[in-house]
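Report on one structure; see the data block that follows.
These values consider heavy atoms only, across backbone and side chains, with no hydrogens, waters or symmetry-generated copies. Just so we're on the same page: letters track the sequence lines, and every chain starts at 1. Computed from a predicted structure; not experimentally measured.
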Protein chains: 2
Amino acid sequence: MKNVADKAGVSISTVSLVMNNHDSGRVKTEIAAKVRKIANELGYRPNPMARSLRTSKTSILGFVAEQISSFPYVAKMLQGAQDAASKLGYVVLFVTSDGSTSQEEQTAALQRYGMDGFLYSQPSSQVTEVPDDLVHYPLVLIATNTVDNRFPIVESSEFDIGYDATKRLIDSGAKRIAYIGNCVPTIAQATRLEGYREMLYKAGIPFDDNLLANVSHNDEALNAVEHLIETQHPDAFFCYDDARAWYVYECAARMGLSVGRDISVIGVGDDKTVSDTFTPKLTTIELPYYEMGYWAVCKLVSLIEKQSEGVMFPKDLIPLPPLDSPIPARIHCRLIENESIVS
Amino acid sequence: MKNVADKAGVSISTVSLVMNNHDSGRVKTEIAAKVRKIANELGYRPNPMARSLRTSKTSILGFVAEQISSFPYVAKMLQGAQDAASKLGYVVLFVTSDGSTSQEEQTAALQRYGMDGFLYSQPSSQVTEVPDDLVHYPLVLIATNTVDNRFPIVESSEFDIGYDATKRLIDSGAKRIAYIGNCVPTIAQATRLEGYREMLYKAGIPFDDNLLANVSHNDEALNAVEHLIETQHPDAFFCYDDARAWYVYECAARMGLSVGRDISVIGVGDDKTVSDTFTPKLTTIELPYYEMGYWAVCKLVSLIEKQSEGVMFPKDLIPLPPLDSPIPARIHCRLIENESIVS
DNA sequence: ATGAAAGCGCTAACAA
DNA sequence: TTGTTAGCGCTTTCAT
């Protein structure tokens with residue numbers, strides 16, 4: 001910074017003003033330009049440590065998650081969070097309590113670094129409390145079911161998932177669409193079913209609850225699916241998850257039916273790689289983990305920056321990036337603020 | 001810090017010395033104790049930003065990985081790395097280039113924060129170069145196949161995996177053990193096969209390459225496995241990965257054989273949760289991702305601290321923590337330094 | 001419109 | 001054995 005100042009023939013305070021975009025109406029335009037040019041040439045990068053020492057703003061976001069290291073999707077949420085953060089000039093520190101270190105220890109470590117805000121995810125069907133450590137920070141929840149409505153929540157839009165899955169099946173010619181659901185009454189289970197019903201209704205197909213099978217796992221599930229196929233002869237299946245899709249595959253194989261020819265199967269999955277391995281020809285709707293992470297960071301940063309000064313977002317920030325997926329995951333993602341759905 | 005100094009009636013430099021454990025032979029023992037006590041009471045936590053501004057040591061480790069967010073195991077490596085790091089007073093910043101942000105951008109962000117060292121993982125069968133950005137830092141590679149022998153590598157010990165898997169099958173009474181391998185000649189493929197052969201040899205079972213099937217995927221794999229079962233009648237299978245194990249399941253189902261009764265199956269898997277869903281009754285050997293992450297950090301920190309001063313490790317640091325797994329993953333992990341296997 | 005200077009919390013060389 | 005002091009790189013108030 002001193003080098004830049006010297007080379008530009010100005011003082012370091014001027015450089016500081018320019019580099020922080022606080023120069024409008026304060027520094028002569030041409031000088032500002034010169035400073036920027038020289039800073040660029042010299043490859044000057046502000047030292048974030050020094051900056052945060054002064055401002056007590058670290059540009060570090062904490063991402064706290066529980067019970068998560070055993071699932072494939074963490075990486076995706078993290079990825080989305082990273083991407084958004086990096087576009088906004090932040091960095092994400094990830095922490096989970098799954099390992100041998102307790103979450104208190106871990107968040108303690110985080111606290112010392114002085115996060116600017118936190119992402120918290122507890123992707124279970126249980127209603128959970130937000131950890132006390134976090135409530136005094138700007139905070140955004142991801143896929144977390146809580147009664148605490150103080151914080152914005154980014155979650156998947158299960159209704160849309162059910163709706164879209166059913167639509168695809170109908171579009172491809174299916175008439176009798178079975179829903180292989182989860183016997184545990186999760187929010188996803190109920191809401192996807194609503195989406196399914198709504199789409200059937202729109203398509204003029206009568207809802208028939210003989211085509212529903214809410215199953216648990218293993219033999220029980222296999223028997224239920226087998227029975228459903230035998231008695232109802234569905235031509236398509238919408239499955240709650242990879243495991244449920246797999247039961248359909250297994251039964252189809254046993255009964256001499258071929259997926260893709262005799263029946264269509266669409267399912268919700270955590271990870272396409274996994275689905276492709278065990279259930280080839282399954283059309284997988286991936287849960288929008290990447291998008292949730294991405295969006296949550298966008299929201300969190302807006303919270304943080306509103307709280308201080310109104311810094312503008314880089315222009316190239318795309319709230320939700322386009323995806324390769326034929327079913328755009330972006331529509332399966334929504335933000336809740338104070339109990340009202342914003343988007 | 002100033003508060004602590006005032007309350008203890010000493011100067012801040014004394015406090016600094018004590019807090020950094022530089023007090024032996026410099027500060028009177030009782031004063032040191034007093035300072036520590038008061039610091040504790042006041043809940044004093046050193047500000048890492050200020051510290052690193054002064055020392056240009058950040059206590060942040062960068063974890064750079066490529067092509068990784070689509071796999072379940074990242075989270076485990078990260079977890080292991082986090083646990084070790086947190087025990088050693090470090091924090092891990094994870095970065096992958098999978099998302100929309102390029103790796104250069106991401107590592108640039110990391111560089112500015114001034115990592116103390118890096119973990120790098122490129123878990124492909126291809127031989128890769130270490131990124132130029134990283135070579136000037138203390139660096140440890142994880143599960144990465146490279147010709148560059150300047151850096152220590154932590155990887156899974158594929159020989160042991162093959163050996164153990166075969167041993168378990170033999171111990172449970174198997175006589176004709178098939179190996180369902182990968183037709184792509186990966187290192188893991190070759191080395192596990194060596195372990196398999198070695199164990200057979202030790203058990204006095206002749207090696208029979210009719211019991212080998214190196215397969216790719218889908219129908220080709222299914223046919224090959226079916227053929228092997230029909231012609232060789234193996235009583236046990238050692239499978240290269242989840243997918244190969246699944247082909248055995250599928251064929252067994254088609255041929256009326258029951259896994260666990262008629263045949264035993266053991267397989268290497270990335271993730272037990274996934275295996276349990278699709279291949280129940282499979283004995284899964286999980287790859288030691290957690291351990292690799294953990295151990296890599298231990299090594300990296302020792303590199304970093306040797307380079308500066310010889311700071312001691314916390315006493316409660318267990319190089320590799322005990323696992324619940326019936327097959328201890330620790331034995332499947334090894335460290336390579338300068339082309340020679342250390343441990 | 002620009003510069004001088006104080007100080008964020010800490011470390012380490014030097015003085016006492 | 002302990003205290004004094006000079007910065008680490010940056011932001012920001014206050015003069016100019």
Side-chain angles (χ1 to χ4, degrees), chain A residues 1-36 38-39 42-60 89 91 111-116 305 308-311, chain B residues 1-36 38-39 42-60 89 109 111-116 305 308-311:
Chain A
M1 183 148 163
K2 202 170 166 227
N3 290 336
V4 177
D6 288 350
K7 215 155 207 164
V10 295
S11 79
I12 56 167
S13 0
T14 308
V15 177
S16 176
L17 284 177
V18 173
M19 297 313 293
N20 291 300
N21 296 315
H22 290 323
D23 58 320
S24 55
R26 322 252 289 102
V27 179
K28 215 179 290 177
T29 322
E30 48 190 67
I31 295 206
K34 187 178 177 188
V35 169
R36 263 182 262 268
I38 293 185
L42 265 51
Y44 166 76
R45 299 258 151 251
N47 177 329
M49 301 297 165
R51 170 177 287 174
S52 61
L53 183 56
R54 196 59 242 253
T55 59
S56 48
K57 258 212 49 183
T58 53
S59 298
I60 304 180
V91 116
Q111 309 258 14
R112 297 184 27 232
Y113 275 88
M115 306 294 111
D116 286 347
E305 315 223 319
S308 55
E309 332 130 40
V311 182
Chain B
M1 184 148 161
K2 205 174 164 225
N3 290 337
V4 176
D6 290 350
K7 215 154 207 163
V10 296
S11 80
I12 56 166
S13 10
T14 308
V15 177
S16 175
L17 285 177
V18 173
M19 297 314 291
N20 290 300
N21 297 315
H22 289 324
D23 59 320
S24 55
R26 320 252 288 101
V27 178
K28 211 180 292 176
T29 322
E30 50 189 68
I31 295 207
K34 187 179 179 187
V35 168
R36 261 183 262 270
I38 293 185
L42 264 50
Y44 166 76
R45 300 258 150 250
N47 176 331
M49 301 297 166
R51 171 177 287 173
S52 61
L53 182 57
R54 196 59 243 254
T55 58
S56 52
K57 257 212 52 185
T58 54
S59 297
I60 304 180
Q111 309 257 17
R112 298 182 29 230
Y113 275 88
M115 305 294 111
D116 286 347
E305 316 222 320
S308 55
E309 335 130 38
V311 182

Apply the test side-chain contact (heavy atoms from CB on, under 4.5 Å) to residues B:Glu305 and B:Lys57: give CA-CA distance (whole Å), side-chain angles for both, the deciding distance (0.1 Å), then the verdict. CA-CA 10 Å; B:Glu305 316 222 320; B:Lys57 257 212 52 185; 4.2 Å; yes
In sequence, state the C-alpha distance, the side-chain angles, and the governing distance for B:Lys34 and B:Lys28, and then conclude on side-chain contact (heavy atoms from CB on, under 4.5 Å). CA-CA 10 Å; B:Lys34 187 179 179 187; B:Lys28 211 180 292 176; over 6 Å; no
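Distance B:Leu53 CG to C:dA12 P: 13 Å, rounded to the nearest Å. Computed from coordinates, the B:Lys2 NZ to C:dG7 P distance equals 11 Å when rounded to whole Å. If you take CG of A:Asp6 and P of D:dG9, they are 14 Å apart, rounded to a whole angstrom. Nucleotide D:dG9 holds its C1' atom 13 Å from the CE atom of A:Met19, rounded to whole Å. As a whole-Å value, the separation of B:Ile12 CD1 from C:dT11 C1' is 9 Å. For the pair B:Asn3 CG and C:dC8 P, the computed distance is 12 Å after rounding to whole Å.
The base of C:dT11 does not come close enough to the side chain of B:Ser13 for any donor and acceptor atom to sit less than 3.5 Å apart. Between the side chain of B:Arg54 and the base of C:dG9 there is no donor-acceptor pair of N/O atoms closer than 3.5 Å.
Shortest non-hydrogen contact noted between A:Pro46 and A:Pro48 is O-CD, 3.2 Å. When all heavy atoms of A:Asp116 and A:Thr58 are compared, the closest pair comes out as OD1-N, 2.9 Å. Shown here for B:Gly89 and B:Ser59, the closest heavy-atom pair between the two residues is O-CB, 3.7 Å.
Of the candidate nucleotides C:dA12, C:dG3, D:dG9, C:dG3 has the atom nearest to the side chain of A:Thr14. Of the candidates D:dT11, C:dA12, C:dC10, the closest approach to any side-chain atom of B:Ala50 belongs to C:dC10.
To the nearest 0.5 angstrom, B:Asn47 atom CG is 7.5 Å from A:Ser52 atom OG.
Residue A:Ser16 places no side-chain N or O under 4.0 Å from the OP1 or OP2 atom of D:dC10. In this model, the phosphate group of C:dT11 is approached by a side-chain N or O of B:Asn20 to a distance below 4.0 Å at OP1 or OP2.
Mapped onto DNA chain D by nearest heavy atom, B:Val10 and A:Pro46 fall at different nucleotides, with B:Val10 at the one closer to the 5' end. Comparing B:Met49 and B:Leu17, the nucleotide of DNA chain C nearest to each residue sits closer to the 5' end for B:Met49.
Remark: nothing in residues 26-34 of chain B comes within less than 4.0 Å of DNA chain C through any heavy atom.
Taking the salt bridge (charged side-chain N to carboxylate O under 4.0 Å, His left out) definition, one finds that B:Arg36 meets it with B:Asp23, sequence neighbours left out.
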